[in-house]
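As structure tokens, the structure follows; a few thoughts come after it.
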Amino acid sequence: MSVFLPKGTRDFLPEQMQVRLRAIDTIRAVFESFGFEPLETPAFERIETLSGKYGEEADKLMFRIHKRGRSAKPGECDLGLRYDLTVPLARVLAMNADLRLPFKRWQIQPVWRAERPQKGRFREFWQCDVDIAGSRSPLADAECIAVADAALRALGFEDYTIRVNDRRILTELAREAGASSLQEELSFLIALDKLDKIGLEGVERELVERGFEPDKLGTLWSAIAAPPTTEALLQTLQDVLSGVGLEGVDTLRTVIAAAEAMGVDPSRVRFDPSLARGADYYTGPVFEVAGDDPSVGSVAGGGRYDGLVGRLSGRELPAVGVSLGLERLITLLEAREDAGSMGPVADLLITVFDDGSAPAASRAATAFRAAGVKTELYIGDGRLKAQLKHADRRGYAWIALIGPDEASAGTVTLKNRRTWENTTLDLQAAVNKVSADRR
RNA sequence: GUGGGCGUAGCUCAGUCGGUUAGAGCGCCAGGUUGUGGCCCUGGAGGUCGUGGGUUCGAUCCCCAUCGCUCACCCCA
């Protein structure tokens with residue numbers, strides 16, 4: 001073997017493509033059922049559009065494209081592959097001040113990250129995003145949660161948890177623990193976010209290493225460590241926090257209630273004060289959905305980013321969105337027992353007996369297609385036996401045999417693959433029969 | 001960027017305490033039917049044992065390097 005895929009990428013062979021397309025169709029239908037409209041943006045953006053939006057780590061993971069031409073300095077990059085769909089959307093919003101607000105769009109496209117691949121992570125993967133721009137209403141945040149939840153259910157998922165938090169609560173907590181700058185706040189978040197992974201003591205140790213004083217959090221800390229019910233925890237925070245933290249608590253309470261009114265099962269929603277989310281641009285509620293297999297990682301994530309559009313254009317525009325990870329969803333989909341294999345694209349295979357009957361077979365194929373039957377004409381020089389075997393293996397519902405006898409009589413011999421029934425009919429009768437069977 | 005595991009047929013994997021022609025199952029192709037597919041029988045194709053070097057009389061096996069894959073850390077969909 002001397003030819004390889006680029007690290008972290010995959011080919012999608014027909015069978016996998018059918019699974020992917022079906023998933024994308026399902027997700028898109030849910031997005032549109034909420035009134036989101038389609039958008040596409042280029043695979044690459046100007047480097048200054050992408051840089052500094054996600055955080056220091058993410059900047060390193062961005063695929064950069066070297067500047068071309070005589071004026072380029074060695075190593076200089078002026079373009080980069082998009083890292084997510086949120087920043088490109090923000091760019092679109094910044095450039096199109098005439099968009100009617102609130103602007104709701106869906107976007108399903110690949111993104112690229114120069115990570116070391118591992119389970120559930122790739123260097124090229126597809127995100128399925130919905131975002132609402134131009135609204136500060138908690139209803140917008142709630143709708144993002146509700147649409148993600150609806151998409152997951154439409155895909156057949158049942159075991160997942162939607163964790164929610166608000167960046168402002170984290171900001172307040174970070175300040176209580178001694179953070180005095182945005183950078184320190186982010187450092188605090190990174191440590192706190194590891195709670196479910198390294199445990200309470202691990203986080204405490206890491207916070208101390210990063211120069212914080214977790215004991216200053218007092219009772220708050222014990223509440224975070226052993227979260228009681230969502231409402232009890234919100235109440236605790238409400239009693240203790242002040243300033244923006246309080247705003248966060250209020251908003252979150254409204255968002256959770258609104259999401260439930262929109263059909264999200266309350267038992268799936270959990271307030272998790274340790275949820276931080278990676279990107280720097282979040283300003284309010286944040287959310288993340290984890291499936292039943294934790295090793296795959298989260299399957300969706302999002303939040304409010306009221307400052308991002310303003311950073312690009314100077315025009316302030318609040319926005320909130322959520323992103324579903326197609327690869328991870330499909331990984332979970334395939335792990336399910338009912339995953340079942342996909343059949344062929346076509347309904348019918350027409351065999352080609354020999355050169356003499358090929359024209360009749362071709363004309364028959366045209367007639368079937370005109371009636372809406374997806375029809376494959378056997379291309380190849382296999383004998384009838386091989387053609388039937390091909391049809392059987394692939395799982396076509398119907399097979400039409402057209403040899404010299406049928407060609408001269410204007411008929412086709414129609415085989416039902418499941419019943420093995422074999423009938424010779426006029427072409428039109430055969431078309432009617434297959435086309436009726438499809439409905 | 002850091003660390004662990006693994007590279008033998010298209011796929012899943014045996015195997016060789018270093019020894020002559022490297023195996024199985026599945027898959028693929030052909031024949032057993034002249035125009036009829038699930039099963040069965042027979043036969044066949046397909047491997048520089050990832051690559052390069054070292055040790056050795058002899059390496060797929062031991063050692064080193066390298067490439068690739070994979071898992072974990074970091075971070076994240």
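Hydrogens, waters and symmetry mates are skipped; everything else that's a heavy atom, side chains included, is used. A quick note: this is a predicted structure, and the numbers were derived from the prediction, not measured. Below, chain A is the first sequence line, B the second, and so on; all start at residue 1.
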Nearest-angstrom distance, P atom, B:A22 to B:C49: 10 Å
Donor-acceptor pair (no angle test) under 3.5 Å: A:K389 side chain, B:U36 base: no
For atom CG of A:D59 and atom C1' of B:C75, their distance in whole Å: 13 Å
Nearest-Å distance for atom pair OH/C1', residues A:Y282 and B:A77: 10 Å
Residue met sooner reading RNA chain B from 5', once A:G8 and A:T413 are mapped to nucleotides: A:T413
Identified pairing partner of B:C40, criterion: Watson-Crick or G-U wobble below 3.5 Å: B:G32
Shortest side-chain distance from A:I190, nucleotide among B:C75, B:U36, B:C74: B:C75
Aromatic plane relationship, A:Y282 with A:Y305 - under 30° parallel, 30 to 60° tilted, over 60° perpendicular: perpendicular
Sugar-phosphate only, base, or nothing, as touched by A:G55 at under 4.0 Å among non-hydrogen atoms: nothing
A:R393 side chain, from C-beta outward: closest of B:C76, B:G27, B:C75: B:G27
N or O in side chain of A:K60 less than 4.0 angstrom from B:C74 OP1/OP2: no
Any A:R383 side-chain N or O less than 4.0 Å from OP1/OP2 of B:U34: yes
Backbone N/O of A:E115 and side chain of A:R123: donor-acceptor pair under 3.5 Å: yes
Pair assignment for B:G27, Watson-Crick or G-U wobble, requiring both distances under 3.5 Å: none
Under-4.0 Å salt bridge between A:R10 and A:E124: no
Integer angstrom distance from the P of B:A14 to that of B:G7: 8 Å
A:E32 atom CD, over 12 foreign heavy atoms within 6.0 Å: yes
B:C73 pairs with, by Watson-Crick or G-U criteria that keep both distances under 3.5 Å: B:G1
Whole angstrom value for the distance that separates C1' of B:C69 from CZ of A:F122: 13 Å
Pairing partner of B:A45 (Watson-Crick or G-U wobble, both distances under 3.5 Å): none
Paired nucleotide for B:A65 [Watson-Crick or G-U wobble; both distances under 3.5 Å]: B:U51
Length of the line joining A:K385:NZ and B:C39:C1', which is rounded to integer Å: 12 Å
Separation between the P atoms of B:U60 and B:A9, rounded to whole Å: 15 Å
Residue A:K415, side-chain atoms from C-beta onward, closest of B:G68, B:C74, B:U36: B:U36
Parallel, tilted or perpendicular: rings of A:Y54 and A:Y83 (30°, 60°): tilted
Integer angstrom distance from the P of B:G32 to that of B:G38: 14 Å
Whole-Å gap separating P (B:C76) and CE (A:M62): 15 Å
Between A:R105 and A:Q107: side-chain donor-acceptor atoms closer than 3.5 Å: yes
A:R91-A:T49 side chain donor-acceptor pair, cut-off 3.5 Å: no
Sugar-phosphate only, base, or nothing, as touched by A:A300 at under 4.0 Å among non-hydrogen atoms: sugar-phosphate
Whole-angstrom distance between B:G54 and B:C11, as gauged at atom P: 31 Å
Centroid distance under 5.5 Å and plane angle under 30°, A:F125 vs B:A77: yes
Sugar-phosphate only, base, or nothing, as touched by A:L401 at under 4.0 Å among non-hydrogen atoms: base
Sugar-phosphate only, base, or nothing, as touched by A:W420 at under 4.0 Å among non-hydrogen atoms: base
d(CG, A:D293; C1', B:C71) in whole Å: 14 Å
Under 4.0 angstrom between A:R121 side-chain N/O and B:A72 OP1 or OP2: no
Touch class at under 4.0 angstrom, heavy-atom based, for A:E406 against every strand present: base
Separation of the C1' atoms in B:G27 and B:A45, to the nearest angstrom: 13 Å
Touch class at under 4.0 angstrom, heavy-atom based, for A:R417 against every strand present: base
Quiz item: cation-pi between A:R268 and A:Y160, 6.0 Å / 45°: yes
Sugar-phosphate only, base, or nothing, as touched by A:L5 at under 4.0 Å among non-hydrogen atoms: sugar-phosphate
A:E124 CD to B:A77 C1', straight-line distance once rounded to whole Å: 14 Å
Complementary nucleotide of B:U21, counting Watson-Crick and G-U pairs under 3.5 Å: none
Inter-nucleotide P distance (B:G47, B:G23), Å rounded: 14 Å
Touch class at under 4.0 angstrom, heavy-atom based, for A:E115 against every strand present: base
Phosphate OP1/OP2 of B:A72 contacted by A:Q118 side-chain N/O (<4.0 Å): yes
Candidates B:G37, B:C74, B:G35 - which lies nearest the side chain of A:D392: B:G37
Short side-chain N/O contact from A:K7 to OP1 or OP2 of B:C69, under 4.0 Å: yes
Sugar-phosphate, base or nothing in reach of A:R113, heavy atoms under 4.0 Å: base
Donor-acceptor contact below 3.5 Å, side chain A:K194 vs main chain A:E206: no
Sugar-phosphate only, base, or nothing, as touched by A:D405 at under 4.0 Å among non-hydrogen atoms: base
Under 3.5 Å on both distances, the Watson-Crick or G-U partner of B:U60: none
Interatomic distance, A:L388 CG vs B:U33 C1' [rounded to whole Å]: 13 Å
Presence of A:R116 side-chain N/O under 4.0 Å of B:U70 phosphate oxygens OP1/OP2: no
Distance, P atom - from B:C57 to B:G1, rounded to whole angstrom: 41 Å
